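Quick caveat: nothing in here was measured; it's all calculated off a predicted structure.
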Amino acid sequence: VTVTLDGSGSSDADGDNIEYTWSNTAGIQLSNVNSVNPTFTAPDVTQATNYTFTLVVNESQAGSSPATVVVTVNNVGPVAPTSEQPSGSGTDADPYLIANLNNLYWLSQTSAEWVSGKVYRQTADIDASTTSLLDSGAGWMPLGSVSTQFKANYDGGGFVIDGLFINRPTLEYVGFIGYGTGQIIRNLGVENVNITGYRRIGGFIGRANGVTIEKCYSTGTVHGNSDYVGGFVDAMAGSATISNSYSTCNVTGAGALGGFYGNGGGAITNCYSAGSVSGSHMYGGFGAYDNLTVQNSFWDTETSGQANAQYLGAMSGVTGLTTSEMQTASTFTDAGWSPAVWNMVDGSYPPLKPPAAPNNDPTGLALTPNSVPENEAVGTVVGTFSTTDADTNDTHTYILVSGSGNTDNASFAIDGETLKTDATFDYEAKASYSILVQTDDGYGGTFEQAFTITITDDTSDNPQVVSYGWEDTGVHLGKS
């Protein structure tokens, strides 16, 4: 909570200008100690606590006696999130920016914005522990259901949602996302989930119907009162794929249970699970059924308590390992897992690396200098290109391209960052040339700029004017 102090009641009998000086002994940082109305953020407290602030006002001759004000900060218990629309419009160019739990709650309550083509990007870690206060303790309402599916794209930006709580023991399709269809979800972790549903439950997503999921994970506990429960996902269908993801959720339920998935379907690549799995029938360390395509994946046989990948035994594409083997870097490097995606070191399960920052396109292109003398040999250097780009570590390449302004591209060549001549120029014939150049940052960002190349005059080859003088000698030729 932001608190504003008020010194505006101070005055001087002579009408002189006065200066303000605020202080406190608690070490609370004021926005401006010389402001008439400084602000501060109320500190966290475990009980009602008084904080004393002192104000002294001065004019040119003397200062006032100190005045004090006491601010009482109360211990307020956690409150349930409220709906707050995020900034943005939900497009690729202007995505909805999920910055806090209130924004996330707005998403869960605004199914009109779940449609295909909408885009969300998370911009900060979110503490979701107060979702336990929603709906009289039922907690988070999953994104999407059979009747209203969640189809929007979601990029977690490498951030996490921590402490998501769901207690909906009669609900099907349960998870952070209950029922997703046809979208891309990436770069998101849901940590310390506490999820209870009826069936078709996943620690991250319940049903993934044609969904592409990459670089995501789940931790915590997942429980189903019936069948079909997975640490990350229950069921996948259609062209659904999950890659470079993991779950350490502990999974319990009746049957059709797995450390990573429950009912299966789709394709899973470069994934692992390490949570415990416990049920009454049809369960495995990685999944319940062998009814999907799995490649280069693993589960921990010790922490899961399961020697079989799925309830019938082995499964192609997934390997059970001890905890020690799962925490050995070479296990994953030898399997070809990418060091650009995973942080593979001895002594721990491999976490995902943060995603690369979004690429910024170049915004400017310059050529210095942009002139060349006439009569110079082919290959003469005209100037050097430079690019304006917010991504200062990008390396740029330059090419001549077709388009408006490319009239004379054939007369020039680019060598690295250098523009060179590919013809010999005659100033008297043509004094300027037009080229169109593109800079490329190597990450899909380009910028084009037309340049005018000036040919400078070499006066040594200009025609010389010769003057002749005449002298009258008095001798004239004519007829006699």
Residue list, side chain to side chain donor-acceptor pair (under 3.5 Å) with [X], at least two apart or on another chain:
X      : result
Asn209 : none
Asp135 : Arg168
Gln327 : none
Glu302 : Thr323

* Asked: Are Phe298 and Phe286 close enough that their ring centers fall under 6.0 Å?
  ->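 No, ring centres 6.0 Å or more apart.
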
* Any sub-3.5 Å donor-acceptor pair from Asn24's side-chain atoms to Ala26's backbone N or O? ->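 Yes, Asn24 side chain to Ala26 backbone: donor-acceptor pair under 3.5 Å.
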
* **Whether Phe150 and Trp114 hold their rings parallel, tilted or perpendicular, with breakpoints at 30° and 60°** =>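 Aromatic pair Phe150/Trp114 classed perpendicular.
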
* If the plane angle is over 60° it's perpendicular, under 30° parallel, otherwise tilted; pick one for Tyr289 and Tyr311. =>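 Ring orientation of Tyr289 relative to Tyr311: perpendicular.
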
* What pairs of residues pass the ring pair (Phe, Tyr, Trp, His ring centres under 6.0 Å) test when at least one of them lies in residues 123-142, not counting sequence neighbours? ->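 Residue pairs passing ring pair (Phe, Tyr, Trp, His ring centres under 6.0 Å), neighbours aside: Trp140-Phe176.
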
* Sort and list the pairs that fulfil ring pair (Phe, Tyr, Trp, His ring centres under 6.0 Å) and have at least one residue in residues 20-44, not counting sequence neighbours. =>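 For residues 20-44, and leaving out neighbouring residues, the ring pair (Phe, Tyr, Trp, His ring centres under 6.0 Å) pairs sorted by first residue read Phe40-Phe53.
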
* No-hydrogen, no-angle side-chain donor-acceptor test under 3.5 Å, Thr72 and Asn50 ->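 Note: Thr72 and Asn50 side chains meet the donor-acceptor criterion.
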
* **No-hydrogen, no-angle side-chain donor-acceptor test under 3.5 Å, Thr387 and Asp389** =>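 No - no donor-acceptor pair under 3.5 Å links their side chains.
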
